[in-house]
Structure formats: C-alpha cells, structure tokens
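Both ligands and their constituent atoms are indexed starting at 1 by order of listing.
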Amino acid sequence: MPFQLPQELASTPTPFYFYDLALLDRTLAALAAAARPGGYQVHYALKANSNLPILERIRAAGLGADCVSGGEVQRALDAGFAPGHVVFAGVGKSDASVNLALAADIFCFNAESVQELEVLGELAGAQGRRARVALRINPNVDALTHPHITTGLEANKFGISLQDLPAVIDKLATLPHVELVGLHAHIGSQITELPVFGELSRRLNELQTWLEDRGHRLPHLNVGGGLGINYQQPDTEPIPDFAAYFGTFDRHLVRRPGQQVHVELGRAVVAQCGTLLSRVLYVKESQQTRFAILDAGMTELIRPALYGSHHHIQNLSSQLPAQPYDVVGPICESSDTFGRAVLLPETRRGDLVAIRSAGAYGEVMSSAYNLRDKAEAVYR
Ligand SMILES: *Cc1c(COP(=O)(O)O)cnc(C)c1O
C-alpha cells in the first residue's frame, strides 16, 4: 500500500519526520524470527537513528547496541540497553569516550589499530579493569556499494589491515589489561549483493584458523552490518529479507562449537519506518526544467546531496496527470536536490510531499545550516 499520512497529522507544521512504529515492530519481529534459528546476536547501530522512542522499542525487542562515539554509548545506556549488550566501534575513539565505556563495563571495544590497543590497555589499567576487545580487521572485500559507504577495502581508513595482524598479535601479548574476545569486520552499508557477505565469511574463516594456529581461541565473531534496503520501491519491500541475509552466513561462516556470531544492523532496521514530510513552497519553470521547491532540504535529509542517493518521492495532495519535476530544497547549495526529473502528479504550492525510506541516516544527520529550525519527529 502506498504511504498515507494519518489524518490527524495533516496540519502538522512541515517539514517533519514521521515514524511508523507499527512497521518498526513488524521489522523487529521479522529480524528476531530470522536470527533465532542460527542463534545470531543482533546489535542495532545507533548511528542510523538514535531517537529515544525508537531505541526503546529496539531494546524491548532484545537487540544490543552498536555505538561509534561516547555520546552514543551514553545514549544507549540512557535508553536502557544493558552494558553487557553494548559494543563500541570507531576508527577514532577519544580518551574521554573510552573512559566512559570502560567505567560502564561495556561488552566489547572493536579496536582498529595497534595504537588504539595501547591506549585501551593504558586507560583500562588506570581504572583497574580489563578491556575486552574484538579486532576490527579490514578484510579487503569490495562491498559493491557506493564508494562513500564502502569501508572494507585497503584504501579505506577503517580496520586493521591483514598484513599488520602479526604485529597486532605480538602487541596484545604485552597488554595485560586487554583481553582478545573476537574478530570484527564491517565492510560497508546499503549492501544488496548478498554474495559479498559470503566472501567476508570466507575471509573471516581464514583469519580465525590463522589465529587459532597461534593459540587464540575466539568466543565471538562479529560480521558487522550493512544489509541494504529497497529505496526504489519501499512499498513492495517494506521489510528486508533477513532470512536470506542470515542464510548467507549459515552457508559460509565456519563457527566453532559454542561460538557466538554478532551482527550490527542499522539501516535495515529503521530506514523504511521513517518518512520526511514537506510542503511545496513554489513551482518554478525555467526553459528546460520545472522545479518543485520544498520547505525541506539537505538540512533535514542530506543523503541525496552527500552520496547522490535515491529516495522515492510522492505528492500526497494531487491526483492530476504526472509531469517531471526537479525536486529541490530551499538551502543555498545546488546539491540541495532530492531528485531530478521525478514524475509527480501536477504539483502546486502547498501540496504535501512524502520523501520515503528516510528513517536511517536522515534525522541523525540533520544540521542547522542556514539557521534552520530542527524538524520535529512524530510517532504513530
Ligand atoms: C555504521 C555501522 C554499522 C551499521 O551499518 P548499516 O549499514 O546501517 O547496517 C555497523 N557496524 C559499524 C562498525 C558501523 O560503523
């Protein structure tokens, strides 16, 4: 069914974010059902959307939290996630954020360099604790997604490169306050080619054998996140195919008896439940182009400007014959464009427009550029 705004929200000031919590709940139920047979532990990546009403539902569904800053660790704790279900990744963790996470006794740090391991050991020692770490390796696997959201190639800043692994293992032997509990990889986002996860699994299998040959048994493997969603047709696929996703790991990842496998999903959990609503301020025609100028812009949803990403756009007010529009925002940047030559029913000032699949990496990336007010979030 195409998107419909609940009647009582028709006069909400635009732009605003609408979150369909019933769809979020159905998504979480589908995720739990798909993860259960293989015993996968799912951590939700807070950076996709960290609004408390959303986090509370995700926590209630039994997911853990995957954080990439001290602010996110604190937010996860505030939302009631148990510290034992919080992991902390990130290529540049500040000392203050590491200390916060150590004091909270989170489950695990995903460590990305030799120097980070040294600092973790030092700060943990100063607190009289041991830091549990998983080594975030850079497996040099191409995620076949947009270059800006590819993270597992040699050229990316993330993770420990394979040739550095021997030095990292030597270093660990000198750090009494650091305990190796697993391997971690996260190769990118909006991944729709599932065989990519098979390739990641094979790489992890090799590394696990290599580590075991050197006396390291790993209780945990963390395969990261990145499962993509259908931005083109959100109504035909409102819930991602989680069964196919876990099935890929079932077939390719070799698990040791009792070993736990963690996944960290962000986008796939929350993207489809969020919609950005906006009104048309003006329709302007030039020689070649007809512009629909919205009251929402890149300050509310930056993905199209940042990665040229596609969002499905609907005019909820008009039933007239369709015409092509360049749908743009009011911000003083030419990249402030939601879509070019978008077919919309004839559009007029005041029409309500829905920009779909905006629940992930939407509101969290909003800014006050041009001194804009923060768009409100409403939940139903
Ligand atoms: C961003 C991120 C995720 C989540 O990625 P999605 O594509 O939203 O699933 C998982 N793990 C790490 C380390 C991340 O940085």
Exercise. Quick one: does ligand 1 sit under 4.0 Å from the side chain of His186, the backbone, both or neither, non-hydrogen atoms only?
Worked result: side chain
Exercise. Considering distance alone, does some N or O of Gly266 sit under 3.5 Å from an N or O of ligand 1?
Worked result: yes
For this session: Give the intermediate values and the outcome of ring pair (Phe, Tyr, Trp, His ring centres under 6.0 Å) for residues Phe81 and Tyr44.
Result: CA-CA 11 Å; Phe81 287 91; Tyr44 167 67; 7.7 Å; no
Exercise. Within 45 degrees of the axis of the six-membered ring of Phe88 and under 6.0 Å from its centre: does Lys93 put its NZ or CZ there?
Worked result: yes
For this session: Flag Val68 as yes when one of its N or O atoms lies below 3.5 Å from any N or O atom of ligand 1, and as no otherwise.
Result: no
Exercise. Does ligand 1 have any atom that is closer than 4.0 Å to a heavy atom of Phe158?
Worked result: no
Seminar exercise, completed: At under 4.0 Å between heavy atoms, what of Ser189 touches ligand 1? The answer is both
Exercise. Taking atom 9 (O) of ligand 1 as the point of reference, which of Cys67, Ala360, Gly226, Ala143 owns the nearest heavy atom?
Worked result: Gly226
Problem set entry | Salt-bridge present (Glu199, Arg203; N to O < 4.0 Å) | yes
Exercise. Do Arg132 and Glu179 meet the salt-bridge criterion of a basic N to acidic O distance under 4.0 Å?
Worked result: no
Exercise. If we only count N/O pairs under 3.5 Å, is Glu264 in contact with ligand 1?
Worked result: yes
For this session: Looking only at protein heavy atoms, identify the closest one to atom 8 (O) of ligand 1 and say how far it is in Å.
Result: Tyr361 OH, 2.5 Å
Exercise. Is the Lys NZ or Arg CZ of Arg267 less than 6.0 Å from the centre of Tyr231's six-membered ring, within 45° of the axis?
Worked result: no
For this session: Kindly confirm or rule out an N or O of Asp66 lying under 3.5 angstrom from an N or O of ligand 1.
Result: yes
Seminar exercise, completed: From the list His312, Gln272, Glu237, side chain to side chain donor-acceptor pair (under 3.5 Å) partner of Asn230 resolves to Glu237
Problem set entry | Enumerated ligand 1 atoms positioned under 4.0 Å from heavy atoms of Ala89 | 13 (C)
Exercise. Strictly by modelled atom types, are Thr289 and Asp326 linked by a side-chain donor-acceptor pair under 3.5 Å?
Worked result: no
Exercise. Relative to the heavy atoms of Leu265, which atoms of ligand 1 are at a distance of less than 4.0 Å?
Worked result: 9 (O)
Exercise. Nearest to atom 15 (O) of ligand 1, what protein heavy atom do you find, and at what distance?
Worked result: Lys47 NZ, 2.7 Å
For this session: For Tyr19 and Asn49, test the side chains for any donor-to-acceptor distance below 3.5 angstrom and give the result as yes or no.
Result: yes
Seminar exercise, completed: Arg267 heavy atoms within 4.0 Å reach ligand 1 at atoms 6 (P), 8 (O), 9 (O)
Exercise. Judged by non-hydrogen atoms, does Ala48 sit under 4.0 Å from ligand 1?
Worked result: no
For this session: Would you please say whether a donor-acceptor pair under 3.5 Å links the side chains of Tyr369 and Glu333?
Result: yes
Problem set entry | Residue pair His220 / Gln41, side-chain donor-acceptor N/O under 3.5 Å | no
Exercise. Any idea which protein heavy atom is nearest atom 4 (C) of ligand 1, and the distance to it?
Worked result: Ala45 CB, 3.4 Å
